[in-house]
Amino acid sequence: MCPLSAPTRTHFKPDILAGLAKTGPRYTSYPTADRLHEGFGARQWSQALSARGGQQALSLYVHIPFCDSVCYYCACNKVVTRHHERAARYIAALTREMAMQAELLGGRAMVTQLHFGGGTPTFLSDAELAGVMAEIRRHFHLASSAEISIEIDPRTIDAGRLKHLAALGFNRLSYGVQDFEPAVQQAIHRVQPYEAVRDLMQAAREVGFPSINVDLIYGLPRQTAASFARTIDQVNALRPDRIALYAYAHLPTRFKPQRRIVVEELPDPATRVALLAAAIEGFMDQGYVYIGMDHFALPQDSLARARGEGSLHRNFQGYTTEPDRDLLGLGVSAISQVGRVYSQNYKDIDAYYAAMDAGVLPVERGLACTDEDLWRRQLIMDIMCRGRVDLAAASGQANVEQVFAQELPQLRQLQAMGLVQLADDGCLSVTEQGWFFVRAIAMVFDAHLRASATTQRFSRIA
């Protein structure tokens, strides 16, 4: 069996980036979501759900699109409004969709992972969140050990609301911080003082939340090496269980809010790399384990343990400790995966409402994977989650040199860069340095990416 590279203290070598593609998929799925098409609709998705049934456990994702104000960096599907009464219609539609999908699954399927994302889930009032949770429990069976998480805008919550979330069953929180520097916060239209987040972290610990994540973004306007170093120190002082560090992708032609960002204030490529390197070193110096891609966790956290044991998995929410589970997405723009089938709901909220008013599942597009897609999906997820692939076993009875004729030259280049080890028996292993660039390694096996010959739709690797 190919050896697993155990997490150790390895220094990030930013100069390696010069020899890699600058952008690429995050591989929360394969094929990636851009491959979904409108030839797949509600009828095909209904058939997939009915064929699956409700015997196996599910992961569940609930999308709440509303935000009180716009953050200029944001690329999420959202509705910006201060009219909180607009949530009522959305909750009614969400409840109808929930009932329809649950019925196709045979009713009250087991759920072991539930995540509320957005938008801003805490845009909903305490009573509205309680109502949505009650509907979820009515239509699905939440396992007693289920991981129940929610994304939080710190500006929308206080200690009392944290207690309410705990009472509803939430046991994981993710605070959207992005950066603590006042000048950066002003540039991205998201002002939230460090002291406010610090107090919320303390309140969450006192309530008893067992796992807290902090989201950060590097590459934002007005970020400098000195300013980001301060943010890194402040996050380390908060000591969250997990940290997600994302690269800002400036795509103003696709995401209208980003047009308000002053391009001249964005850090240049060299500074971006320096920001990433400083963050990796700063968090690992404080004992965090680098999980892969943009995730860090304390050694005792379940994510770090899974990384060391080779039992990580990955879905549309990123890295997870859950075994491979089908994922059911609810709400506008939500993406689902059942077996070899993917689907995505309408991104436009009016189209979503129209489908629900007509009693039709709000599926805008989807995809049924081919056998090759499934084969390559396993290869890519093995790279992303376990850092190893047995190419000989993957090729079956065929010759490795023939089956992977297009991939092997690229893999040998990566080996020369010190990112992978490729043994004579076909065992491919990601090195500790390679974990910092695992996206680029996974891209080698992406046949759709190779056929399209473009990576411009994706975010930067660094």
Side-chain angles (χ1 to χ4, degrees), residues 33 61-95 97 115-129 131-132 150-158 161 165 173-179 182-193 196-197 200 215-217 219-222 244 246 248-263 265-266 316-317 329-335 344-357 362 364 459:
Y61 172 74
V62 179
H63 189 79
I64 307 297
F66 302 106
C67 295
D68 278 312
S69 63
V70 64
C71 301
Y72 296 164
Y73 61 83
C74 187
C76 297
N77 187 278
K78 59 196 172 295
V79 176
V80 179
T81 179
R82 293 190 178 275
H83 295 280
H84 283 242
E85 65 274 12
R86 291 185 63 180
R89 183 183 181 188
Y90 185 76
I91 292 170
L94 182 70
T95 300
E97 184 196 357
H115 182 73
F116 277 60
T120 305
T122 45
F123 178 94
L124 301 186
S125 68
D126 286 351
E128 288 168 336
L129 281 169
V132 174
I150 186 168
E151 297 171 12
I152 289 177
D153 179 340
R155 301 170 298 176
T156 66
I157 203 158
D158 57 23
R161 296 205 76 190
L165 291 175
L173 305 178
S174 182
Y175 288 116
V177 169
Q178 323 319 343
D179 193 299
V184 177
Q185 292 183 352
Q186 291 167 5
I188 62 175
H189 200 237
R190 189 185 177 100
V191 176
Q192 49 191 21
V197 178
L200 286 172
D215 284 347
L216 300 174
I217 300 177
L220 293 174
R222 303 183 187 172
Y246 300 111
Y248 171 63
H250 190 61
L251 302 169
T253 57
R254 289 180 58 191
F255 306 114
K256 188 175 180 179
Q258 295 185 356
R259 298 171 196 172
R260 304 188 191 186
I261 283 179
V262 180
V263 176
E265 294 182 341
L266 292 171
F316 284 105
Q317 277 73 66
L330 301 171
V332 63
S333 78
I335 300 179
Q344 183 172 26
N345 286 350
Y346 287 106
K347 296 180 181 178
D348 179 76
I349 196 167
D350 290 330
Y352 177 78
Y353 286 151
M356 298 318 308
D357 290 345
E364 181 175 22
S459 62

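Nothing fancy with the numbering, it's 1 onward along the sequence. Remember, predicted model here, so these are calculated numbers, not experimental data.
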Interatomic spacing from [atom1] in [X] to [atom2] in [Y] - rounded to 0.5 Å:
X	Y	atom1	atom2	result
Asp350	Asp357	CG	CG	10.0 Å
Leu330	Phe116	CG	CZ	9.0 Å
Glu265	Leu220	CD	CG	11.5 Å
His115	His63	NE2	NE2	10.5 Å
Ile188	Ile261	CD1	CD1	7.5 Å
Leu94	Glu128	CG	CD	11.5 Å

Short question: side chain of [X], backbone of [Y] - any donor-acceptor pair under 3.5 Å?
X	Y	value
Arg155	Asp68	no
Tyr175	Leu200	yes
Gln185	Gln192	yes
Arg259	Pro252	yes
Gln344	Ser333	yes
Gln317	Gly117	no
Gln258	Leu251	yes

Partner of Tyr73 under side-chain hydrogen bond (donor to acceptor under 3.5 Å, both in side chains), picked from Arg260, His189, His250, Gln178, is Gln178
With the side chain counted from C-beta on, respond yes when [X] and [Y] share a heavy-atom pair under 4.5 Å apart, and no when they do not.
X	Y	value
Ile157	Leu165	yes
Pro154	Arg190	yes
Val262	Pro221	no
Glu97	Asn345	yes
Arg86	Phe123	no
Leu216	Val177	yes
Arg161	Leu129	yes
Ile150	Leu173	yes

Which heavy atom of [X] sits nearest to which heavy atom of [Y], and what is that distance?
X	Y	result
Cys67	Thr120	SG-OG1, 3.2 Å
Tyr72	Ala187	CD1-O, 3.3 Å
Val332	Tyr346	CG2-O, 3.0 Å
Met356	Pro362	SD-CD, 3.6 Å

Validation row, ring centre Tyr90 to ring centre Phe66 under 6.0 Å: yes
